[in-house]
Amino acid sequence: MSFVTRFAPSPTGPLHLGHAYSAWIAHDMARACGGRFLLRFEDTDLERSKPEYILQIIEDLTWLGMTWDEYPLFQSQSLDVYNQSLEALISGGLTYPCRCSRKDIAAALSAPQEGVPHHLYPQICKRRSMSDRQDGDAIRLHMDRACDALGEFDLKFQEIGDINSGTYSIDKNTLMRDVGDIVVGRKDIQTAAYFMASAVDDIRQGITHVVRGVDLFEFTQVQVLLLHLLGHKAPMYHHHDLIRDNVGKRLAKRDDARAISKYRADGFSPQDIKHLVGLA
Ligand code: GLU
């Protein structure tokens with residue numbers, strides 16, 4: 001069996017213990033079976049992504065003893081690829097432009113609408129057509145049409161992690177009820193939403209196993225749906241548990257105190273870090 005996995009940090013802060021844990025799990029799974037481990041910088045947040053974080057992440061991963069098998073992929077250099085995928089959804093008639101602000105959406109949701117579940121986009125722009133698209137509009141997936149486009153609906157993905165392992169069927173009703181008309185095209189930089197870019201890159205990089213934290217599990221059904229709409233087969237998924245701080249909160253980029261570079265400056269060795277995250 002071929003095995004290709006990746007670590008896909010967003011370079012918006014220093015690498016902390018949680019990232020080291022995630023990267024190690026993916027890296028060591030690949031090395032254990034003679035597979036490949038790739039690195040991808042998800043740097044489409046042009047304001048928050050910083051070159052110094054990219055350099056620091058490379059330095060930290062190298063110090064931790066990890067190696068990757070290809071030159072890293074930078075999403076900021078591939079916006080045309082994501083735009084092509086977005087164009088495929090648009091030309092398939094599966095999208096509509098949306099000019100709603102968060103405020104508009106909150107206001108509409110506070111006035112109950114028959115038939116639209118409360119946590120979903122309240123469909124204000126749903127009747128607009130793409131020919132009416134204006135600068136600054138986001139692009140939403142027309143979920144009903146997307147579900148229809150798949151005809152006989154038999155979408156599944158395989159989860160091999162230790163937490164939720166099994167085969168997951170994605171059904172139309174859940175997508176309509178829980179997901180709704182998600183934004184697939186961003187208004188800020190006019191490219192695909194980040195979960196779409198990430199799914200497209202998993203295909204582009206030939207990823208067979210997506211290894212990542214369980215906090216991203218909820219995106220999986222949407223990513224699998226988008227991949228199918230774009231004519232691709234979904235990879236396998238392995239969502240691992242998260243490293244939490246001492247009050248049980250997930251570590252965030254702003255938890256600089258847990259930054260790998262800080263531990264390193266304090267005299268910790270890579271083995272000490274492996275021990276700290278419970279992998280040694
Ligand atoms: N860029 C995401 C993050 O840093 C990871 C996305 C993924 O692994 O699919 O949380």
Side-chain angles (χ1 to χ4, degrees), residues 3-30 36-51 53-54 56-58 60-61 64 66 68 70 72-79 81-82 85 157-161 163-164 168 182 184 186 189 191-227 230 232 234-244 249-256 258-260 277:
F3 186 102
V4 186
T5 191
R6 76 328 187 252
F7 176 55
S10 307
T12 54
L15 214 63
H16 60 55
L17 288 183
H19 298 110
Y21 179 68
S22 190
W24 252 323
I25 292 180
H27 179 269
D28 291 358
M29 280 174 86
R36 287 157 57 74
F37 174 74
L38 308 181
L39 185 56
R40 172 164 88 227
F41 287 102
E42 301 206 323
D43 56 349
T44 58
D45 184 336
L46 304 179
E47 262 173 36
R48 291 171 61 228
S49 297
K50 302 263 183 288
Y53 290 134
I54 293 175
Q56 183 74 58
I57 289 171
I58 289 179
D60 288 345
L61 291 174
L64 291 169
M66 288 178 236
W68 41 96
E70 267 175 25
L73 189 148
F74 292 86
Q75 287 195 328
S76 58
Q77 290 167 15
S78 312
L79 299 187
V81 174
Y82 316 130
S85 300
F157 70 89
Q158 192 74 31
E159 168 68 36
I160 56 159
I163 308 179
N164 298 318
Y168 285 78
I182 44 168
V184 286
R186 285 160 50 167
I189 55 166
T191 193
Y194 102 90
F195 55 85
M196 177 149 153
S198 178
V200 167
D201 279 343
D202 285 334
I203 300 302
R204 215 153 60 103
Q205 290 190 292
I207 302 302
T208 60
H209 293 74
V210 170
V211 177
R212 62 186 182 187
V214 71
D215 53 329
L216 295 170
F217 183 77
E218 62 178 304
F219 284 121
T220 309
Q221 60 174 344
V222 174
Q223 291 187 316
V224 171
L225 169 73
L226 291 171
L227 288 179
L230 295 168
H232 302 297
M236 308 253 249
Y237 293 86
H238 174 120
H239 290 89
H240 58 72
D241 56 346
L242 303 178
I243 299 287
R244 298 183 184 273
K249 235 177 76 236
R250 180 172 80 91
L251 294 183
K253 290 257 170 46
R254 53 191 173 279
D255 292 319
D256 282 6
R258 316 272 165 168
I260 299 301
V277 298

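Bear in mind that the values here come from a model prediction, so they are computed numbers and not experimental data. Remember, it's 1-based here, ligands and their atoms both numbered in the order they're listed.
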Donor-acceptor contact below 3.5 Å, side chain [X] vs main chain [Y]:
X      : Y      : result
Gln223 : Phe195 : yes
Glu159 : His239 : yes
Ser49  : Asp45  : yes

Legend entry - N or O pair under 3.5 Å between Arg212 and ligand 1: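 There is such a contact, yes.
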
Inset, instruction - Ignoring angles and geometry beyond distance, decide whether Ala8 reaches within less than 3.5 Å of ligand 1 through its nitrogen or oxygen atoms. - result: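 Yes; the residue has a nitrogen or oxygen that sits under 3.5 Å from a nitrogen or oxygen of the ligand.
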
Legend entry - Tyr21-Asp241 side chain donor-acceptor pair, cut-off 3.5 Å: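 Looking only at side-chain atoms, Asp241 and Tyr21 do form a donor-acceptor pair, the distance falling under 3.5 Å.
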
Legend entry - Side chains of Gln205 and Arg6, donor plus acceptor under 3.5 Å: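 No, no side-chain donor-acceptor pair sits under 3.5 Å.
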
Please list, in number order, the atoms of ligand 1 under 4.0 Å from a heavy atom of [X].
X      : result
Glu42  : 1 (N), 2 (C), 5 (C), 6 (C)
Ser198 : 9 (O)
Leu216 : 5 (C), 6 (C), 7 (C), 8 (O)
Arg6   : 7 (C), 8 (O), 9 (O)

Inset, instruction - Select one of side chain, backbone, both or neither to describe which atoms of Val210 lie under 4.0 Å from any atom of ligand 1, heavy atoms only. - result: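 No part of Val210 comes within reach of ligand 1.
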
Legend entry - The single option from Thr44, Thr191, Asp201 passing side-chain hydrogen bond (donor to acceptor under 3.5 Å, both in side chains) against Tyr82: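 The residue from Thr44, Thr191, Asp201 that satisfies side-chain hydrogen bond (donor to acceptor under 3.5 Å, both in side chains) with Tyr82 turns out to be Asp201.
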
Legend entry - Heavy atom of His19, distance to ligand 1 below 4.0 Å: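 Contact absent.
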
